[in-house]
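Since this is a predicted model, take the numbers as computed values, not measurements.
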Amino acid sequence: MDKTLIFGHKNPDTDTIFSALAYADLKNKLGFDAEPARLGSVSKETQFALDYFSVEAPQFIEKVEEDVKDVILVDHNEFQQSVENIKDVHITEVIDHHRISNFETKEPLYFRAEPVGCTATILNKMYKENGVAVTKDIAGLLLSAIISDSLLLKSPTCTKVDVEAAYELAEIAGVNLETYGFEMLQAGADLSDKSVLDLITMDAKEFSMGDAKVEIAQVNAVDTTKIYQFQTDLETEIAQIIKDKNLDLFLFVVTDILNNDSEVLALGEGKDNVNQAFNVSLDDNNRALLKGVVSRKKQIVTNLTEEFTK
């Protein structure tokens, strides 16, 4: 049987890595030969959950090797967010919860995209639909992904389905959802050992918005001032990325996990679109506070896309 590789987007977050692990587990239990992979380094948040539930991180890849016949994409579908040779591989499935953009295949495939807060929530459904029990460790991973993507069920992307899945999975995993979730988020918010370049690349995604190229990087923190004390260095690195990638806008989003707000730094010729999209005014430091904004997918990308495509 030919091997199928399952992976999420570049600069992987907790949902993208754990969705690859969980879906590979499900596919293997259904009789397929599937292997999970990741397209970047493991964050502290993700590593906290891996250690807690004694699971190894999936293999790191930069491209899909020639011996791999099929691939499955989880937690993304936009080609610029995927593996470098994505246009050369055979995609058989997509499991996602984001917008659908810049995606096409030569052959039919199974494509499942649901408007929920997390890919892991969809996978939890798929275990049930296939009559496969979720083990304690997989439940812990799926739960961790939901906690991460929903900021402990507080994000506007979080649905009733996500909440129900989270409590169900917490029981299987044997943890208190609130206690475990806060500890995991705190672990991820420890950025003390990160370089400036790490901060703007470790969770960055590129988006096409009309004719514009926009990159949005997001980090979670308990004190945003500690991040922005390095603003001069941040701007230097961001300016280089804008030049190298020919971006119209780079938006650096620092999300306060305690107050559920985000302070953004906007650079590039398209930065005025941030003012219009969020009804704010960037200050002299190119920054603005976005009250109640925590979701890149639902609150930031949607607003900016609408502004860029007017």
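- Side-chain atoms of Ser82 and His76 include a donor-acceptor pair closer than 3.5 Å.
- Note that the CG atom of Asn77 and the CD1 atom of Ile86 stand 10.0 Å from one another [nearest 0.5 Å].
- Remark: the Thr16 side chain and the Ser19 side chain contain no N/O donor-acceptor pair separated by less than 3.5 Å.
- Counting only N and O atoms by type, the side chains of Gln299 and Asn303 include no donor and acceptor under 3.5 Å apart.
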**Report entry** Evaluation steps, side-chain hydrogen bond (donor to acceptor under 3.5 Å, both in side chains), between Thr119 and Asp15
**Finding:** CA-CA 7 Å; Thr119 307; Asp15 185 28; 3.2 Å; yes

Just list the side-chain donor-acceptor pairs under 3.5 Å for residues 50-72, sequence neighbours left out, or say none.
unit_1	atom_1	unit_2	atom_2	d
Asp51	OD1	Gln47	NE2	2.9
Gln59	NE2	Glu35	OE1	3.0
Asp70	OD1	His90	ND1	2.6

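- No option in Lys205, Lys10, Lys245 other than Lys245 meets the salt bridge (charged side-chain N to carboxylate O under 4.0 Å, His left out) test with Glu215.
- Aromatic ring orientation, Tyr180 versus Phe48: tilted (interplanar angle from 30° to 60°).
- No more than 12 heavy atoms of other residues, nucleotides or ligands sit less than 6.0 Å from atom CD of Glu171.
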Report task. Give the C-alpha distance, both sets of side-chain angles, the deciding distance and a yes or no for side-chain hydrogen bond (donor to acceptor under 3.5 Å, both in side chains) between Ser208 and Asn102. Result -> CA-CA 8 Å; Ser208 295; Asn102 301 324; 3.2 Å; yes

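- Checked by atom type and distance alone, the side chain of Asp233 never pairs as donor or acceptor with a backbone atom of Phe230 at under 3.5 Å.
- Using modelled atom types and a 3.5 Å distance limit, the side chains of Ser281 and Asn275 yield no donor-acceptor pair.
- For Lys44 and Asp190, the salt-bridge test passes: some basic side-chain N is under 4.0 Å from an acidic carboxylate O.
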Identify all side-chain donor-acceptor contacts of residues 261-271 below 3.5 Å with residues at least two apart in sequence or on another chain.
unit_1	atom_1	unit_2	atom_2	d
Asp261	OD1	Gly292	N	2.7
Asp261	OD2	Lys291	NZ	3.1
Ser262	OG	Thr255	OG1	2.8
Ser262	OG	Val293	O	2.6
Glu263	OE2	Arg287	NE	3.0
Glu263	OE2	Arg287	NH2	2.8
Lys271	NZ	Asn286	OD1	2.8

